[in-house]
Amino acid sequence: MQILDGKALAQKIEEKVTLGAKELKVKTGRVPGLAVILVGHDPASQAYVGMKKKACDRAGFYSVTHEMPDDISQDAILKTIEMMNLNPNIDGILIQLPLPKHVDTTKILEVVAPSKDVDGFHPYNVGRLATGLDGFVPCTPLGVMELLAEYNIDPKGKNCCVVGASNIVGKPMAALLLNANATVEICHIFTDDLKKHTLAADVILVGAGVINLIREDMVKPDTIIIDIGINRTPDGRLVGDVDYDAVAPKTSYITPVPGGVGPMTIAMLLSNTLKAAQIHAQEEN
Ligand code: NAD
């Protein structure tokens with residue numbers, strides 16, 4: 001069993017992005033800029049935004065966080081996004097999810113300019129991913145693909161079972177694997193007999209948010225396991241969706257939680273923002 005070390009790879013990518021940002025500044029005078037919209041006071045969202053801001057600082061990016069109260073109107077959020085769409089110092093716009101219930105998340109995401117959509121949630125970029133065209137790809141599944149590539153794991157022809165079918169994790173994960181010529185199955189809360197599907201898989205990629213969803217008896221020997229879930233146990237520990245201690249010895253490769261997919265997500269956000277800045281710099285010249 002080998003551990004897929006997302007923390008180490010994320011650091012390597014961050015160094016590359018930092019260098020890329022320096023080069024861009026020397027060549028064009030442009031500093032990559034990320035704007036984050038944070039609505040409300042959810043502690044997890046605040047922690048994620050804080051981590052993203054620190055990463056921007058480390059990479060030499062400009063970043064700004066628009067903190068808004070829980071009861072902010074949808075119109076006010078839309079207006080802020082429209083302003084950022086026009087702001088030449090901003091290359092990437094990130095809406096921290098989830099948004100409060102009175103806000104239509106789809107409407108909000110659709111207003112972000114596709115060229116600044118560094119989270120890859122705009123239907124334009126979702127469509128490009130589905131058709132295998134270049135665009136912005138959601139950071140978490142993109143990070144998983146980078147991690148697989150780093151360890152020379154080629155999904156081509158492998159049976160991949162994606163557990164979880166959200167727009168943020170499961171669906172783009174499945175699209176990326178399909179584009180890489182894997183055979184892909186997507187399971188979700190309504191899947192009958194999850195074990196039947198996971199047992200047939202060469203690679204299990206799970207992002208459901210359920211502690212111990214993947215148990216030892218659900219995995220065949222030498223499976224590759226990518227644990228995307230982030231859960232907090234009642235005693236405050238961070239764990240994934242896999243019963244790690246029991247499952248890990250049976251696998252060929254596995255991501256730990258923490259230190260697996262999580263750090264890759266932030267590294268990919270930096271990478272996507274640099275890509276947006278490079279495109280914007282080219283358009284200016
Ligand atoms: P979500 O609630 O939007 O989606 C969860 C998905 O899992 C749904 O498709 C649901 O049908 C499926 N699911 C739930 N229970 C299931 C079960 N018992 N069996 C099979 N499928 C089941 O959540 P999300 O935003 O996609 O996040 C999923 C997990 O990934 C969470 O733990 C979240 O914290 C984590 N996450 C991690 C990162 C990262 O950087 N590592 C990024 C985003 C999300």
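What you see is a predicted model, and the numbers here were worked out from it, not measured in a lab. Start at 1 and go down the list; that is how both ligands and their atoms are numbered.
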A.B. asks: Given Val163, Ile189, Asp227, identify the one with the heavy atom nearest to atom 11 (O) of ligand 1.
C.D. replies: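 Of the listed residues, Ile189 has the closest heavy atom.
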A.B. asks: Looking only at distances, can you tell me whether any N or O atom of Thr265, backbone or side chain, sits closer than 3.5 Å to an N or O atom of ligand 1?
C.D. replies: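 Min N/O separation from ligand 1 is below 3.5 Å for Thr265.
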A.B. asks: Testing Ile186, Leu178, Val203, Leu176 for side-chain contact (heavy atoms from CB on, under 4.5 Å) with Cys160, which one passes?
C.D. replies: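 Among the candidates, only Val203 passes.
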A.B. asks: Could you tell me whether the side chains of Asp75 and Ser73 share a donor-acceptor contact shorter than 3.5 Å?
C.D. replies: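 No donor-acceptor contact under 3.5 Å links the two side chains.
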A.B. asks: May I ask you to list the atoms of ligand 1 that are less than 4.0 angstrom from any heavy atom of Val210?
C.D. replies: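 Listed by number with element: 15 (N).
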A.B. asks: Could you measure the distance from the OG1 atom of Thr223 to the CG atom of Asp202? Nearest 0.5 Å is fine.
C.D. replies: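 Nearest 0.5 Å value for the OG1-CG distance: 7.0 Å.
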A.B. asks: Run the numbers for me: atoms of ligand 1, each under 4.0 Å from some heavy atom of Leu213, listed by number.
C.D. replies: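 Matching atoms, with element in brackets: 17 (C), 18 (N), 19 (N).
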A.B. asks: Using a heavy-atom cut-off of under 4.0 Å, does the side chain or the backbone of Ile230 touch ligand 1, or both, or neither?
C.D. replies: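 It is both backbone and side chain that touch ligand 1.
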A.B. asks: For residues Ser115 and His280, is any side-chain donor paired with an opposing acceptor at under 3.5 Å?
C.D. replies: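 Judged by distance alone, the side chains do pair up.
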A.B. asks: What's the verdict on salt bridge (charged side-chain N to carboxylate O under 4.0 Å, His left out) for Lys116 and Asp91, showing C-alpha distance, side-chain angles and the deciding distance?
C.D. replies: CA-CA 5 Å; Lys116 298 191 176 186; Asp91 296 297; over 6 Å; no
A.B. asks: How far is atom 28 (C) of ligand 1 from its nearest protein heavy atom, and which residue and atom name does that atom have?
C.D. replies: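 Ranking protein heavy atoms by distance from atom 28 (C) of ligand 1, first comes Gly207 O, 3.3 Å.
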A.B. asks: I need the Leu9 CG to Glu150 CD distance, nearest 0.5 Å.
C.D. replies: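 The CG atom of Leu9 sits 4.5 Å away from the CD atom of Glu150.
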A.B. asks: Quick check on Gly170 - does any of its heavy atoms sit under 4.0 Å from an atom of ligand 1?
C.D. replies: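 Gly170: no contact with ligand 1 (<4.0 Å).
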A.B. asks: Should one rank Ile228, Ile226, Val144 by closest heavy-atom distance to atom 37 (C) of ligand 1, which comes out on top?
C.D. replies: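 Minimum heavy-atom distance to atom 37 (C) of ligand 1 goes to Ile228.
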A.B. asks: Using a 4.0 Å cutoff against the non-hydrogen atoms of Ala165, which atoms of ligand 1 qualify?
C.D. replies: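 Those qualifying, in numeric order: 6 (C), 8 (C), 9 (O).
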A.B. asks: Let me confirm one number: the CD1-CG distance from Ile153 to Leu4, rounded to the nearest 0.5 Å.
C.D. replies: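 Result: 5.0 Å between the selected atoms.
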A.B. asks: Is at least one protein non-hydrogen atom found at under 4.0 angstrom from atom 23 (O) of ligand 1?
C.D. replies: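 Looking at atom 23 (O) of ligand 1, one finds that no protein heavy atom lies closer than 4.0 Å.
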A.B. asks: When you measure from the heavy atoms of Thr191 to every atom of ligand 1, does any distance fall below 4.0 Å?
C.D. replies: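 Outside the 4.0 Å threshold, so no.
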A.B. asks: Give the residue, atom name and distance (to 0.1 Å) of the protein heavy atom nearest atom 42 (C) of ligand 1.
C.D. replies: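 The closest one turns out to be Thr140 OG1, 3.2 Å.
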A.B. asks: From Leu99 CG over to Ile37 CD1, what is the distance, rounded to the nearest 0.5 angstrom?
C.D. replies: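 That separation rounds to 8.5 Å.
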A.B. asks: Checking the N or O distance criterion of under 3.5 Å, is ligand 1 in contact with Ser166?
C.D. replies: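 Yes, since at least one N or O of Ser166 sits under 3.5 Å from an N or O of ligand 1.
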A.B. asks: Rounded to the nearest 0.5 Å, how far does CG of Leu142 lie from CE of Met173?
C.D. replies: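 With rounding to 0.5 Å, CE (Met173) is 9.0 Å from CG (Leu142).
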A.B. asks: Taking atom 13 (N) of ligand 1 as the point of reference, which of Gly260, Pro258, Gly262, Ala208 owns the nearest heavy atom?
C.D. replies: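 Ranked by closest heavy atom to atom 13 (N) of ligand 1, first place is Ala208.
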A.B. asks: How many angstroms lie between atom CD1 of Ile266 and atom CE of Met51, to the nearest 0.5 angstrom?
C.D. replies: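 The CE atom of Met51 is 4.0 Å from CD1 of Ile266, to the nearest 0.5 Å.
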A.B. asks: Pull out every atom of ligand 1 sitting under 4.0 Å from any heavy atom of Val261, numbered as shown with elements.
C.D. replies: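 Once the distances to Val261 are compared, the set is 41 (N).
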A.B. asks: Provide the number and element of each atom of ligand 1 under 4.0 Å from a heavy atom of Val169.
C.D. replies: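 Those of ligand 1 that fall under 4.0 Å from Val169 are 26 (O), 43 (C), 44 (C).
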A.B. asks: Is Arg128 salt-bridged to Asp134, cutoff N-O under 4.0 Å?
C.D. replies: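 A salt bridge is absent here (no side-chain N lies under 4.0 Å from a carboxylate O).
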A.B. asks: In ligand 1, which numbered atoms sit nearer than 4.0 Å to a non-hydrogen atom of Gly209?
C.D. replies: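 With Gly209 as reference, the close atoms of ligand 1 come out as 29 (C), 31 (C), 32 (O).
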A.B. asks: Would you say NZ of Lys27 has more than 12 non-hydrogen atoms from neighbouring residues, nucleotides or ligands within 6.0 angstrom?
C.D. replies: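 No, not enclosed.
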A.B. asks: For atom 2 (O) of ligand 1, is the nearest protein heavy atom under 4.0 Å away?
C.D. replies: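 Under the 4.0 Å cut-off, atom 2 (O) of ligand 1 has no protein heavy-atom neighbours at all.
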A.B. asks: Which atoms from ligand 1 have a heavy atom of Gly164 less than 4.0 Å away?
C.D. replies: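 Here the atoms of ligand 1 in question are 6 (C), 7 (O), 9 (O), 12 (C).
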